[in-house]
Amino acid sequence: MVAELSPAAREDAIARMTEHELDVLVVGGGVVGAGSALDAVTRGLTTAIVEARDWASGTSSRSSKLIHGGLRYLEMLDFGLVREALTERGLLLDRIAPHLVRPVQFLYPLQHRFWERPYVGAGIALYDAMAYTSGTAHGLNHHRHLTRKRALREAPCLRSDALTGAIQYWDAQVDDARHTVTVVRTAASFGALAANRVKVTGFLRQGERVTGATLADVETGRTFEVRAKQVINATGVWTDDTQALADTRGQFHVRASKGIHLVVPRDRLQSTTGLILRTEKSVLFVIPWGRHWIIGTTDTDWSLDKAHPAASSSDIDYLLEHVNSVITSPLTREDVEGVYAGLRPLLTGESESTSKLSREHVVGHPVPGLVVVAGGKYTTYRVMAADAVDEAVRGLDARVPDSCTDQVPLVGAEGYRALWNQRRALAVSADVHVARIEHLLNRYGSRVHELLAMLRAEPSLATPLPGADDYLHVEALYAVTHEGARHLDDVLARRTRISIEAWDRGVAAAPAVAALMASELGWDEGQKNREVENYLKRVEAERDSQTKLDDDTAEAARLGAPDIVALP
């Protein structure tokens, strides 16, 4: 099987999923839906996955981009969740996605003498011990205690009066959207039928039982039916909305919590390590991200538009205020390159504080033929997916093997480490600087050969995109031919991170990327211009929303740029 999410592969998938009854239809193209499709198809089940917008366009492209056990859950005595997440962290680092997930170190500044070091130190020691005893700490250093002087050498940006010492420990990070798309590609390589921009409009029923779904191709407006023995609802913060289509309230409900992040240039904070800071509500991360830092996050209730949560001026001020309280050179609005807002799908509970709602996941079977999975955190997506498919399997007559995704490397993982060792030879043979090869290897792994073949066929694709020197023209083209990108926003916001990493948020790159996409997607000049115009409106609307004081006015400003739809 091929692993390309090309325009032709999408059309073929839509046609084939209507031909015969499937074993499993997965609704939702975030990381849990993608993981569910991969889990199901690798158990030998005929599987399809559909997503109403773009792969990872919701929560799965707007996280803190960390693969971690969750130190704060230790403090809540949620040892099971931490151990589970640490096990998944190790699998991703070592076997499943070593080309996409990599170690990152954090400094935990201590602010109180005497009691805080033994208290925090014991928690971090337990964190490391749980990883080591589960055999999943490969490649990660053990934590270490630092004096204030040593901590300031690691992070000169910290105010000397803001800490009495520090503890440094290791976790991992990932480009969440890229990882999610790669999970979808891997599922497709095993035979799953995958189609984005396909929306569920209703469920098929035989009496009480759900037997499939009615779908609409958002690109063309055509409607069709897909029959399946089991449907898995993995729609995250849209869980309740999808449940409503089945005329059932479900066994649990999902509440959205908004978290925003700021992106600032790496030179604004002098540090060789990431930072984790306590706030009055939760924790604040300062995360190394290439030539940038990601600062986040907030945790506030959200009841407005789920597709486009907006970051308000108050949100931005909150983050700046907290990070500025511990650094020597305060950050200002002018230092912020990018801002993004995402929604966490939290299971509703008795507490009104979203930071205290459960991050545990739940799987339900509200009516025969329909499985619902919700909650959880990005790191444990594979476990959530396996649990969802386990539940779906209970409704099938045939004997189905257990999950094997802990043994399945994602597309690009096989051979990655050998190619990394050969990167200088690769650079010479491709006539590309070794830094470019490293960049491509850390985004595409062993699939780098596909991009290098495209460069040999068209050398002009080796040039950087305008206003986004970290990315090459070939990456924008590859996003369409192999990664399912359908619109300009898909490339600038998810296949690359130009929309949050470039000072102009991708405005300069937009025409060049649209021109590359046009030939592959059959756009005429009018559609190409509409794509660029829509993207510029999106940037303008986001900038405007970030000047508003509250969620209501910020959201109204953000919705000034609606989603673009391809014209048939």
Side-chain angles (χ1 to χ4, degrees), residues 2-6 65 92-105 138-139 172-179 181-182 185-186 189 265-267 272 288-293 409-483 485 491-492 494-498 500-502 506 508-509 512-513 515-517 520:
V2 296
E4 286 73 38
L5 300 177
S6 65
K65 315 195 190 313
L92 285 161
L93 277 166
D94 193 40
R95 182 186 304 157
I96 295 175
H99 57 313
L100 300 174
V101 181
R102 54 194 51 88
V104 60
Q105 60 182 350
H138 178 76
Q173 69 178 163
V174 67
D175 183 331
D176 47 9
R178 170 149 300 285
H179 170 262
V181 169
T182 305
R185 286 188 67 185
T186 307
S189 75
R266 194 66 178 265
D267 62 7
T272 61
W289 183 255
R291 294 199 289 174
H292 318 269
W293 296 99
L410 299 186
V411 166
E414 292 281 10
Y416 160 72
R417 289 192 175 93
L419 287 171
W420 180 261
N421 294 340
Q422 298 174 339
R423 62 192 183 279
R424 289 178 179 82
L426 272 177
V428 172
S429 65
D431 194 25
V432 176
H433 194 281
V434 67
R436 295 292 188 189
I437 294 294
E438 291 175 351
H439 165 83
L440 295 175
L441 282 170
N442 283 330
R443 285 169 54 74
Y444 308 97
S446 55
R447 293 289 167 149
V448 69
H449 290 305
E450 294 171 341
L451 289 101
L452 296 181
M454 293 167 71
L455 291 181
R456 283 190 289 272
E458 184 53 68
S460 64
L461 294 174
T463 56
L465 288 168
D469 290 348
D470 287 345
Y471 299 96
L472 305 178
H473 280 74
V474 69
E475 296 181 77
L477 184 59
Y478 187 85
V480 179
T481 59
H482 290 71
E483 296 179 336
V491 176
L492 296 177
R494 285 173 289 280
R495 305 308 184 279
T496 70
R497 290 317 183 108
I498 293 172
I500 60 171
E501 293 175 354
V513 173
L516 288 169
M517 299 180 73
E520 296 296 330

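Count residues from 1 along the sequence. These values consider heavy atoms only, across backbone and side chains, with no hydrogens, waters or symmetry-generated copies.
- Separation of atoms OG1 (Thr481) and CE (Met517) is listed at 10.5 Å; rounding is to 0.5 Å.
- With rounding to the nearest 0.5 angstrom, the CG atom of Asn442 is 9.5 Å from the CZ atom of Arg423.
- Residues Ala508 and Pro466 come closest through the heavy atom pair O-CB, 3.7 Å.
- Residues Pro103 and Leu93 form a side-chain contact, since some pair of their non-hydrogen atoms from C-beta on lies under 4.5 Å apart.
- Here Arg494 does not pair with Glu483 in a salt bridge; the nearest charged N to carboxylate O distance is not below 4.0 Å.
- Between the side chains of Asn421 and Tyr416, no donor N or O sits under 3.5 Å from an acceptor N or O.
- Between Leu5 and His482, every side-chain heavy-atom pair lies at or beyond the 4.5 Å cut-off.
- Salt bridge annotation for Asp176-Arg497: present, with a cationic side-chain nitrogen under 4.0 angstrom from a carboxylate oxygen.
- At a threshold of 4.5 Å between non-hydrogen side-chain atoms, the residues Arg495 and Val181 count as touching.
- At least one cation-pi condition fails for Arg417 and Trp420: the charged atom is not both under 6.0 angstrom from the six-membered ring centre and inside a 45 degree cone around its axis.
- In this structure, His99 contributes its side chain and Glu414 its backbone to no donor-acceptor pair below 3.5 Å.
- Going from atom CG of Leu477 over to atom CD of Glu458 covers 9.5 Å, rounded to the nearest 0.5 Å.
- When side chains are defined from C-beta on, Leu461 counts as touching Leu516, because their heavy atoms get closer than 4.5 Å.
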Problem set entry | Residues Thr463, Leu472; criterion side chain to side chain contact (heavy atoms under 4.5 Å, CB included); working and verdict | CA-CA 6 Å; Thr463 56; Leu472 305 178; over 6 Å; no
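- The neighbour count for Arg424 CZ, taken as heavy atoms of other residues, nucleotides or ligands under 6.0 Å away, does not exceed 12.
- The two atoms that bring Ala479 and Val491 nearest to each other are CB-CG2, 3.9 Å, heavy atoms only.
- Using modelled atom types, no side-chain atom of Arg178 and backbone atom of Thr496 make a donor-acceptor pair closer than 3.5 Å.
- The local environment of CD in Glu438 is crowded, with over 12 non-hydrogen atoms from other residues, nucleotides or ligands closer than 6.0 Å.
- The two residues Thr182 and Val411 have their closest heavy-atom pair at CG2-O, 3.3 Å.
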Exercise. Can Leu455 and Val432 be said to form a side chain to side chain contact (heavy atoms under 4.5 Å, CB included), step by step?
Worked result: CA-CA 10 Å; Leu455 291 181; Val432 176; 4.2 Å; yes
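- For residues 466-480, the pairs satisfying salt bridge (charged side-chain N to carboxylate O under 4.0 Å, His left out) are Arg291-Asp470, Arg443-Glu475, with sequence neighbours left out.
- Checking Trp289 against Glu501 by side-chain atom types alone, a donor-acceptor pair falls below 3.5 Å.
- Not one N or O on the side chain of Trp293 forms a donor-acceptor pair closer than 3.5 Å with the backbone of Pro288.
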Exercise. Is there a side chain to side chain contact (heavy atoms under 4.5 Å, CB included) between Leu100 and Asp175 once you walk through the steps?
Worked result: CA-CA 7 Å; Leu100 300 174; Asp175 183 331; over 6 Å; no
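- Of the possible polar contacts, one joining the Ser446 side chain to the Gly412 backbone as a donor-acceptor pair under 3.5 Å is found.
- Side chain to side chain, Glu4 and Ser6 fail the donor-acceptor criterion of an N or O pair below 3.5 Å.
- Ring to ring, His449 and Tyr444 are not that close: their centroids are 6.0 angstrom or more apart.
- Rounding to the nearest 0.5 angstrom, the gap separating the CG atom in Leu452 from the CG atom in Asp431 is 11.5 Å.
- Residues Arg447 and Leu451 approach most closely at O-CD1, 3.5 Å, considering heavy atoms.
- Distance NE2/His473 to CG/Leu465: 5.0 Å, rounded to 0.5 Å.
- From Leu410, atom CG reaches atom NE2 of His179 across 5.0 Å, with rounding to the nearest 0.5 Å.
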